[in-house]
There are 2 protein chains.
Amino acid sequence: MDDTRKSRKSHDVQVDLIAVLVSVIAGAPSVLTIRQGDMLPSGPFEFEHRSLQAGLRAWVEQQTGHPLGYIEQLYTFADRDRIDNEAGRAISISYLGLTRAEEPHAASAPHWVGWYDYFPWEDHRDGTPPLLEEVIQPLLDEWAESASDRQLRDERRRRMASVFGFDGERWNEELALQRYELLYEAGLVAEARRRRKAADCPRKEIPGVAMFADHRRILATAIARLRTKIKYRPMVFELMPPVFTLLQLQQTVEALSGRLAHKQNFRRLIEQQELIEETGEMASDTGGRPAKLFRFRPAVHIQRTLMGTRLPVMRS
Amino acid sequence: MDDTRKSRKSHDVQVDLIAVLVSVIAGAPSVLTIRQGDMLPSGPFEFEHRSLQAGLRAWVEQQTGHPLGYIEQLYTFADRDRIDNEAGRAISISYLGLTRAEEPHAASAPHWVGWYDYFPWEDHRDGTPPLLEEVIQPLLDEWAESASDRQLRDERRRRMASVFGFDGERWNEELALQRYELLYEAGLVAEARRRRKAADCPRKEIPGVAMFADHRRILATAIARLRTKIKYRPMVFELMPPVFTLLQLQQTVEALSGRLAHKQNFRRLIEQQELIEETGEMASDTGGRPAKLFRFRPAVHIQRTLMGTRLPVMRS
DNA sequence: TCTCCTTATACTCAGCTCGAGTATAAGTAA
DNA sequence: TTACTTATACTCGAGCTGAGTATAAGGAGA
């Protein structure tokens, strides 16, 4: 070790593990929560844990009874929005997990919450939500106006436009985190307001359920990551049942990205890439012509990290 | 806080901050090191640090005298290859930084080391390095052969091929981390050998400088991230001087990706994207026809996170 | 000055991808 | 039988990409 490092006894730090466990349930991308949707499953990294992932698994299973399948590290946060800060610093290491939708069964059913409950402005499957133009844009406009000088105001305007797709800019679903952060900065989400003096807050708050500490920000990070990564890596697999129709696959992707895909082109792209194969069976409960059933090709799971996938989303 | 969390006094953890600071110096992508290339700049996250990034800045400046420009979080590692494990767990939060190449000036010059010194098999600018076929492939073959059963052997073969581009598979420069991890697993890098009993080691080691603890793995992570991200986000900027020719830009990209680009197409792509503008000046020290000088457009720096870039690399 | 070498820059062309749409098939429900 | 639903096949034009060819403009040396 370096001299500088050896010589000083540094303060140790509290490390928390946080899981964003995602599943698509009845067309709604959902997160596993505790405390009625207020918190993500989480707990301190402890001496007994053999690894970060092992620790996370232990906490999630203890708190929700849900097993953890595929997970990947998301981001490590420090301090932001930490409430009990007195004794020392706290660090949160967050993970993104994907799991198959399971029918919630009765009593001990863990609490899955649709992620658009937290981010209603992120769902564009039925077109741009009115909320954006009617509520968010005016409030952000006020915020931009309240800037101390003109340069700052213009800067805020630019950010609003490019992040939310105002003023003719295109909506980019991957910017979910930037949008949340902009709203936070503008004092329009509850998490920001409770850290400010009342006088510093804009008069109104926007719709969308708040969460404990910075958990909603972590969720936004997960959404952004998932929306980006799903386009070039075969991650949807983890969310699908063993056998499915192309429409089910498409709807899962649409649920996550928050926008619709062009059906025929979606087929073409998926079929080209040799990620899936026909089972030979048909699904007849489609409400129309029966659909072929598919499964993922075994190689796909193995090569998860290595291969690319591409998925189309509609522009409009 | 949850009951489960409040009730127990959990062990705190030692948290280290580690920087991979990259610059391209005379055509060689290089990392800032301490101890003659053995370690990356690093130190514990301490009570006085206002944030993770602030702590990192403090350590890097103290250890190398080099200021930190653009940085982004890389990955959080736990335990792997930790040596002094007795007291508690150690966690490393790593960051990737990009900075402009500066002429190393005399005495206190920080130690920049070309990253291909650590990963000689990663530089394909002059074609596939002979090292791959002559040394690495045979040794990995032995490793595959030594598998306990046939299934495991075939699995190893598949991984070798897809990760290193053997057996007609294409070389993929983004898999730098997977390659290092495979070599580690096969016991062919020094870091792996020093953790095993001598009897468990293959007879030979491959070329490539080793580092302290898991620092070389962290470097591989940084390379992989940079090679992936450079293709769709304008990150090269941070590495370029204020004014440059297109060839210089191209060579910087080539240095990082470890492979050559098609000159004419590189031009076309860069020009299309409106990332840069002509300064009006010319560079006459090109050794041929003078080249136009360019600078990045101001908007680019602001929108760093928002825009996409695409960069071509040659297939062959 | 002329020739050769080097790098810069412009332009071409075929193949492929992608968005958008048309056409047709095969079920269900009234 | 008709209307409606979903599934699946095929087409077409624009634009992107890889891989050149062609030409411009400097320097070094004969």
Side-chain angles (χ1 to χ4, degrees), chain A residues 27 124-125 127 170-173 230-232 243-254 257 259-295 307-316, chain B residues 27 124-125 170-173 231-232 243-254 257 259-295 307-316:
Chain A
H124 288 229
R125 282 176 293 178
R170 247 219 261 311
W171 174 261
N172 180 347
E173 74 278 0
I230 203 176
K231 287 188 193 146
Y232 63 93
V243 155
F244 50 88
T245 67
L246 282 176
L247 183 58
Q248 285 165 356
L249 181 61
Q250 177 178 348
Q251 284 171 337
T252 302
V253 171
E254 290 174 337
S257 69
R259 53 197 324 186
L260 298 180
H262 183 279
K263 191 170 186 169
Q264 297 92 321
N265 293 345
F266 185 86
R267 290 185 77 78
R268 180 173 62 187
L269 215 51
I270 297 294
E271 284 175 336
Q272 271 173 6
Q273 298 187 65
E274 308 190 314
L275 299 176
I276 58 174
E277 59 191 15
E278 300 183 11
T279 64
E281 311 286 295
M282 304 288 278
S284 50
D285 56 345
T286 53
R289 171 174 168 179
K292 288 182 186 165
L293 285 170
F294 294 85
R295 73 170 79 88
M307 8 183 1
T309 330
R310 280 151 299 143
L311 297 174
V313 261
M314 294 210 306
R315 288 259 164 113
S316 78
Chain B
H124 288 228
R125 282 175 294 178
R170 245 219 259 313
W171 174 261
N172 181 348
E173 73 278 0
K231 287 189 194 146
Y232 62 94
V243 155
F244 51 86
T245 67
L246 282 176
L247 183 58
Q248 285 164 355
L249 181 62
Q250 179 178 346
Q251 284 171 338
T252 302
V253 171
E254 290 174 337
S257 69
R259 54 200 318 187
L260 299 180
H262 184 277
K263 192 169 183 170
Q264 296 93 319
N265 292 345
F266 185 85
R267 292 185 77 76
R268 180 174 62 188
L269 214 51
I270 297 295
E271 283 176 337
Q272 271 174 4
Q273 298 187 65
E274 307 190 315
L275 300 176
I276 58 175
E277 59 191 15
E278 301 182 9
T279 64
E281 310 287 295
M282 304 288 278
S284 50
D285 56 345
T286 53
R289 171 174 170 178
K292 288 183 188 166
L293 285 170
F294 293 85
R295 72 170 78 89
M307 5 181 4
T309 329
R310 280 152 300 143
L311 297 174
V313 260
M314 294 207 308
R315 288 261 164 111
S316 77

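- With hydrogens and angles ignored, no donor-acceptor pair closer than 3.5 Å exists between the side chain of B/Arg289 and the base of D/dA25.
- Side-chain N/O atoms of A/Gln272 and base N/O atoms of C/dT17 include no donor-acceptor pair closer than 3.5 Å.
- When the P atom of D/dT8 is taken as reference, atom CD1 of A/Ile270 falls 13 Å away, rounded to whole Å.
- Within the 3.5 Å criterion, the main-chain N or O of B/Lys292 finds no donor-acceptor partner in the side chain of B/Glu278.
- Listed by chain and residue number, nothing satisfies the ring-ring contact (aromatic ring centres under 6.0 Å, His included) test with A/Phe294 (two or more places apart in sequence, or in another chain).
- Among the nucleotides C/dA26, C/dG21, D/dT6, the one closest to the side chain of A/Gln264 is C/dG21.
- Put simply, CG on A/Asn265 is 16 Å from P on D/dC12, counting in whole angstrom units.
- Here the options are A/His124, A/Gln251, A/Glu254, the test is side chain to side chain contact (heavy atoms under 4.5 Å, CB included), and the partner is A/Leu260; only A/Glu254 passes.
- Side-chain atoms of A/His262 lie closest to C/dG21 of the nucleotides D/dG20, C/dA10, C/dG21.
- The side chain of B/Arg268 lies closest to C/dT12 when the candidates are C/dT12, C/dA26, C/dA23.
- What separates CZ of B/Arg267 from P of D/dG18 is a distance of 17 Å, to the nearest Å.
- In this pair, B/Tyr232 and A/Tyr232 present their aromatic rings tilted. The plane angle is within the 30 to 60° band.
- Put simply, CG on A/Leu293 is 11 Å from P on D/dA7, counting in whole angstrom units.
- Checking the phosphate oxygens (OP1, OP2) of D/dT6, no side-chain nitrogen or oxygen of A/Lys263 falls inside 4.0 Å.
- Here the nucleotide nearest the side chain of A/Glu271, chosen from C/dA8, D/dA9, D/dT8, is D/dA9.
- Atom NZ of B/Lys292 and atom P of C/dT9 are 6 Å apart (whole Å).
- Distance B/Phe266 CZ to C/dT7 P: 16 Å, rounded to the nearest Å.
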